[in-house]
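Below, chain A is the first sequence line, B the second, and so on; all start at residue 1. The shown structure was predicted, so the numbers you read here are calculated from the model rather than taken from an experiment.
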2 protein chains.
Amino acid sequence: MTDDPLSLDNQLCFAIYAASHAFTKAYRPLLTELGLTYPQYLVMLVLWEKRAASVTEIGAALGLDTGTLSPLLKRLEKTGYIRRERSREDERQVMIALTTSGVILKTRAQDVLKTIGQAIGCDLQQMQALMDGLRRVRRNLEEA
Amino acid sequence: MTDDPLSLDNQLCFAIYAASHAFTKAYRPLLTELGLTYPQYLVMLVLWEKRAASVTEIGAALGLDTGTLSPLLKRLEKTGYIRRERSREDERQVMIALTTSGVILKTRAQDVLKTIGQAIGCDLQQMQALMDGLRRVRRNLEEA
DNA sequence: TAAAATTATATTGCGCACAACATAATTGTG
DNA sequence: CACAATTATGTTGTGCGCAATATAATTTTA
C-alpha cells in the first residue's frame with residue numbers, strides 16, 4: 001500500500017463505493033426473485049415501517065428526489081406492490097400505500113435479510129460500530 | 001430505533017448506500033470544476049497511480065465492466081484527460097494513457113482531497129478502522 | 001493448421017440518480 | 001380577495017451500472 005494520499009487504497013470514499021456495489025450485487029439475485037431492484041427494496045423497507053407515506057416522505061427517508069422516485073414508484077405500482085393515489089386533503093400530495101401483495105412480501109424479504117446477514121458474517125458489535133462510523137461520516141459530509 | 005430487523009435504521013446496507021451518496025454529493029461541486037464526474041475521478045485515480053492501463057485493468061481496479069467504462073472513457077477522452085489507442089502487441093486491447101492535461105490535473109485533485117478530508121473531520125485511526133471493516137464486509141459478500 | 005474456445009472491447013436496453021425545468025395546488029400577504 | 005411565494009410532484013436530459021449480446025483478435029486443441 002503506497003503512501004500517496006490519492007492512492008485508491010487509501011480512499012475511504014472508494015471503500016464505501018465498492019462496499020455499496022458489493023451489497024447491491026449480493027442482493028440482486030435474491031431481490032430479482034421478489035420482483036424488486038435494490039432501490040425499490042429500500043422504498044419497500046420504508047413502507048413496511050410506515051404502511052403509507054407521501055412521495056416526499058419516502059424521499060426524505062432515503063435521500064432521493066422526485067426525479068428518481070417518480071418513475072421508480074410507477075414501476076412498483078405496475079408490479080403490484082403499491083398503490084398511488086392523490087391525497088384528498090392536499091391534492092398536491094401523492095400517497096403511496098402498500099397493496100395486500102406488498103404487505104405479504106415482507107415475510108419473504110425477511111428471508112432475504114437472513115441470507116445476506118449470513119454472507120456478511122461479522123458480529124453485531126462490529127456491524128454496529130461500522131454503522132455508527134458511516135453515519136458520522138455521512139452527517140459530517142452533509143453538514144459541510 | 002425499532003427492533004424490527006427490516007427497519008431502515010438497522011440496515012448496514014442502507015448506511016453504506018447513504019454514505020456513498022453523501023460522498024458523491026460532496027465531491028460533485030468540487031469535481032465539476034475539474035470537468036469530472038465521480039466515477040471519472042475514480043478512473044483518474046487509477047491512472048495517476050499506473051500512468052497507463054488497459055480497459056480491463058481499470059475495470060478490475062474499480063469493479064466496473066466495459067458496459068460502464070466504454071462510454072465513460074470516451075467522455076474522458078473528449079474532455080482531453082486521456083488517450084485511447086489499440087495496443088500493437090494485442091489488437092484486442094485498448095490502452096488508456098494520461099494526456100499532459102490529465103497528468104497536470106493531479107495537482108488540483110489533491111486540493112479536492114484536502115477539502116473533503118476536512119469535511120469528514122474524523123481522525124485517521126477511526127477512518128482506518130472504517131475502511132478495514134468495509135473491506136471485510138465487501139470481501140465476505142463477494143466470496144459468498 | 002483448421003476449428004473451437006477464450007479474451008478484450010463495444011453496443012443495447014433498462015433502471016437508477018440528479019440537475020434543471022415545468023405545472024398544479026396551497027399558503028401567505030397586501 | 002388578488003397575487004406572489006411556497007410546496008408537491010412530474011418531466012427531460014445526461015451519466016452511471018450492469019446484464020445480455022455482438023464482434024474481432026488471440027490462443028488452444030484436435
For B:Thr24, report the nucleic acid contact type (base, sugar-phosphate, nothing); a contact means any heavy atom under 4.0 Å.
-> nothing
Nucleotide of D:dA25, C:dG15, D:dT9 approaching B:Arg92 most closely (side-chain heavy atoms) = D:dA25
Side chain of B:Val55 - closest among C:dT9, D:dT11, D:dT26 = C:dT9
Base, sugar-phosphate, or nothing: which does B:Leu72 touch, judged by heavy atoms less than 4.0 Å apart?
-> sugar-phosphate
Would you classify B:Thr37 as touching base, sugar-phosphate or nothing, given that sugar-phosphate means primed atoms plus P, OP1 and OP2, and contacts are heavy atoms under 4.0 Å?
-> sugar-phosphate
Hey, does the side chain of A:Tyr41 come within less than 4.0 Å of C:dC16's phosphate (OP1/OP2), counting only N and O?
-> no
How long is the line joining CG of A:Leu76 and C1' of C:dC16, in whole Å?
-> 12 Å
What integer distance in Å separates A:Gln93:CD from D:dT7:C1'?
-> 9 Å
Given D:dG15, is OP1 or OP2 found less than 4.0 Å from the side-chain N or O atoms of B:Arg28?
-> no
Could you tell me whether B:Asp65 contacts a base, only the sugar-phosphate backbone, or nothing, with contacts defined as non-hydrogen atoms closer than 4.0 Å?
-> base
Counting any heavy atom closer than 4.0 Å, what does A:Glu57 reach on the DNA or RNA strands: base, sugar-phosphate only, or nothing?
-> nothing
Spacing of A:Arg86 atom CZ relative to C:dT26 atom C1', expressed in whole Å | 13 Å
Nearest to the side chain of B:Thr66, which nucleotide is it out of C:dT11, D:dT9, D:dG17?
-> C:dT11
For A:Leu64, report the nucleic acid contact type (base, sugar-phosphate, nothing); a contact means any heavy atom under 4.0 Å.
-> sugar-phosphate
Test of ring centre spacing under 6.0 Å for B:Phe23 and A:Tyr17 | no
Find the distance B:Leu31:CG to C:dA19:C1' and express it as a whole number of Å.
-> 16 Å
Just by modelled atom types, is the A:Glu91 backbone N or O under 3.5 Å from a matching donor or acceptor in the A:Arg86 side chain?
-> yes
Hey, does A:Gly59 reach any base, or is it just sugar-phosphate, or nothing, if we go heavy atoms under 4.0 Å?
-> nothing
Rounded to whole Å, CD of A:Glu91 lies from C1' of C:dA25 at a distance of 8 Å
A:Leu36 CG to C:dC14 C1', in whole Å, measures 16 Å
Do any N or O atoms from the side chain of A:Trp48 and from the backbone of A:Leu105 form a donor-acceptor pair under 3.5 angstrom?
-> no
C:dT11, C:dC16, D:dA8: which one has an atom nearest the side-chain heavy atoms of A:Pro39?
-> C:dC16
Where the side chain of A:Thr68 is defined as all heavy atoms beyond and including C-beta, which of C:dT11, C:dA25, C:dC16 is the nearest nucleotide?
-> C:dC16
For the pair made of CG in A:Leu69 and P in C:dG15, what is the distance, rounded to whole Å?
-> 15 Å
Whole Å only: how far is the CZ atom of B:Arg88 from the P atom of D:dT26?
-> 12 Å
